[in-house]
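First up is the structure itself, then whatever we jot down about it.
Numbers here are sequence positions counted from 1.
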Amino acid sequence: MIDVRNITKSFGSLQVLKGIDLHIDKGEIVSIVGPSGAGKTTLLQIIGTLDRPDSGSVCVDAIDTTRLSQKALSDFRNRHLGFVFQFHQLLPEFTALENIMIPAFIAGTSRQSAKTRATELLSFLGLTDRAHHKPAELSGGEKQRIAVARALMNNPAVILADEPSGSLDTQNKQELHQLFFDLRNQYGQTFVIVTHDEQLATITDRTIHMRDGLLESPTLPTEPTEPTLPTSPSHD
């Protein structure tokens with residue numbers, strides 16, 4: 001599904017990635033952990049085609065993204081990849097439903113088809129009653145679920161998440177973490193998650209440790225498992 005071979009990346013004189021080799025299987029939920037400055041987000045951005053490596057190759061779904069033109073890369077990103085960020089990045093002037101539909105509009109999908117898909121995702125996430133609310137009217141957990149739905153809009157093969165639960169309280173973190181497994185089971189996506197959240201890292205199928213631009217340990221895939229999440233009392 002994802003094959004990274006000998007990726008290097010420097011910013012000026014600072015070498016951030018020093019030769020990364022990594023394979024991630026279809027349907028895996030993988031966390032990438034490590035101290036600040038380890039190169040985690042840079043690696044995620046290169047896998048997500050938001051940045052190009054200085055050397056090496058990145059194949060996603062058997063397509064070498066490092067060989068694509070900018071136009072082809074933008075189209076590939078829109079159709080094959082979904083992104084979830086720490087602070088959701090929803091557009092404040094649009095409703096939840098409209099925010100979810102944006103990737104479909106970029107792909108040229110008809111409004112009716114986009115609305116049908118977005119409505120399906122809202123239902124799956126239990127947010128049907130929030131469809132016409134704007135981001136300012138949503139809780140932090142609801143905003144992040146809408147961001148996840150937007151990432152899923154075009155049914156991408158891979159979801160890339162950068163600290164997705166970093167701005168959430170304990171209960172919403174647990175619900176978001178469970179959601180990733182529910183989505184994998186429902187839609188079959190592969191998840192690559194950069195996180196400092198130890199709880200999330202322990203329940204993913206595999207944890208990849210990075211330090212100083214290198215992988216610290218072998219990263220062989222394991223059989224996907226269901227998470228065991230601790231329970232906590234509900235709160236507003």
| Short side-chain donor-acceptor distance under 3.5 Å, Thr49 and Thr65 | no
| Is the closest side-chain heavy-atom distance between Ile193 and Ile32 below 4.5 Å? | no
| query | Does one side chain, of Ser113 or Ser110, offer a donor that lies under 3.5 Å from an acceptor on the other? | reply | yes
| message | Contact between Thr119 and Thr128 at the side-chain level, heavy atoms closer than 4.5 Å - yes or no? | response | no
| remark: Looking only at heavy atoms, the pair that brings Thr195 and Asp197 closest together is OG1-N, 2.8 Å
| query | Do the side chains of Val33 and Ile20 join up, straight or via other hydrophobic residues, at under 4.5 Å, putting them in one cluster? | reply | no
| said: Run the side chain to side chain donor-acceptor pair (under 3.5 Å) test against Glu198 and tell me which residues pass, sequence neighbours left out. | reply: none
| task | Please tell me if the side chains of Leu121 and Tyr187 come closer than 4.5 Å, counting only heavy atoms from C-beta onward. | result | yes
| task | Say whether Asn155 and Gln189, considering side chains only, have a donor N or O and an acceptor N or O under 3.5 Å apart. | result | yes
| task | State, yes or no, whether a side-chain contact exists between His80 and Val60 at a heavy-atom distance under 4.5 Å. | result | no
| For Pro135 and Phe94, which heavy atoms make the closest approach, and how far apart are they? | CD-O, 3.1 Å
| Which atom of Ala149 lies closest to which atom of Leu125, heavy atoms considered | CB-CD1, 3.5 Å
| remark: Heavy-atom closest pair (Leu81 atom, Gly48 atom, distance to 0.1 Å) is CD1-O, 3.4 Å
| remark: On a heavy-atom basis, the closest approach of Glu137 and Arg130 is O-NH2, 2.9 Å
| query | Side chains of Arg117 and Met153: does their closest heavy-atom pair fall under 4.5 Å? | reply | yes
| Gln15 side chain vs Thr8 backbone, donor-acceptor pair below 3.5 Å | no
| field | Flag, side chain of Gln144 to backbone of Pro164, donor-acceptor distance under 3.5 Å | value | yes
| query | When you look at Phe191 and Phe181, which way does the ring pair (Phe, Tyr, Trp, His ring centres under 6.0 Å) test go after all the steps? | reply | CA-CA 9 Å; Phe191 285 80; Phe181 287 86; 8.3 Å; no
| message | Treating Asn154 as the side-chain partner and Asn78 as the backbone partner, does any N or O pair qualify as donor plus acceptor under 3.5 Å? | response | yes
| task | Give a yes or no on whether the backbone of Gly19 and the side-chain of Asn6 come within a donor-acceptor separation of less than 3.5 Å. | result | no
| field | Backbone N/O of Gln112 and side chain of Thr116: donor-acceptor pair under 3.5 Å | value | yes
| query | How many angstroms lie between atom CE of Met210 and atom CD of Glu216, to the nearest 0.5 angstrom? | reply | 9.5 Å
| query | Where is the tightest heavy-atom contact between Pro35 and Lys40, given as atom of each residue plus distance? | reply | O-NZ, 3.0 Å
| said: The criterion is side chain to side chain donor-acceptor pair (under 3.5 Å); which residues satisfy it with Thr66, sequence neighbours excluded? | reply: Asp64
| Exam field: side chain Gln45 to backbone Thr42, donor-acceptor pair closer than 3.5 Å | no
| Going by heavy atoms in the side chains, are Thr204 and Val30 under 4.5 Å from each other? | no
| Ion pair Asp182/Arg184, N-O distance below 4.0 Å | no
| Are any side-chain N or O atoms of Asn99 and backbone N or O atoms of Leu90, one a donor and one an acceptor, separated by less than 3.5 Å? | no
| Between OG of Ser31 and CD of Glu28, what distance do you get to the nearest 0.5 Å? | 10.0 Å
| Distance (rounded to the nearest 0.5 Å) between Glu120 CD and Leu122 CG | 10.0 Å
| request: Determine the sole option in Gln178, His177, Gln171 for which the side chain to side chain donor-acceptor pair (under 3.5 Å) test with Glu175 is passed. | output: Gln171
| Taking side chain as C-beta onward, heavy atoms only, is Ile7 less than 4.5 Å from Val58? | yes
| query | Does NZ or CZ of Arg150 come closer than 6.0 Å to the centre of the six-membered ring of Phe85, within 45° of the ring's axis? | reply | no
| request: Indicate yes or no for a side-chain donor-acceptor contact from Lys9 to the backbone of Lys18 under 3.5 Å, with no hydrogens or angles considered. | output: no
| Going by an N to O cut-off under 4.0 Å, is there a salt bridge joining Arg79 and Asp75? | yes
| query | Side chains of Ile47 and Ile2: closer than 4.5 Å at any heavy-atom pair? | reply | yes
| task | Give a yes or no on whether Arg67 atom CZ has more than 12 heavy-atom contacts from other residues, nucleotides or ligands under 6.0 Å away. | result | no
| said: Would the distance check show the side chain of Thr95 and the main-chain N or O of Glu98 forming a donor-acceptor pair, the cut-off being under 3.5 Å? | reply: yes
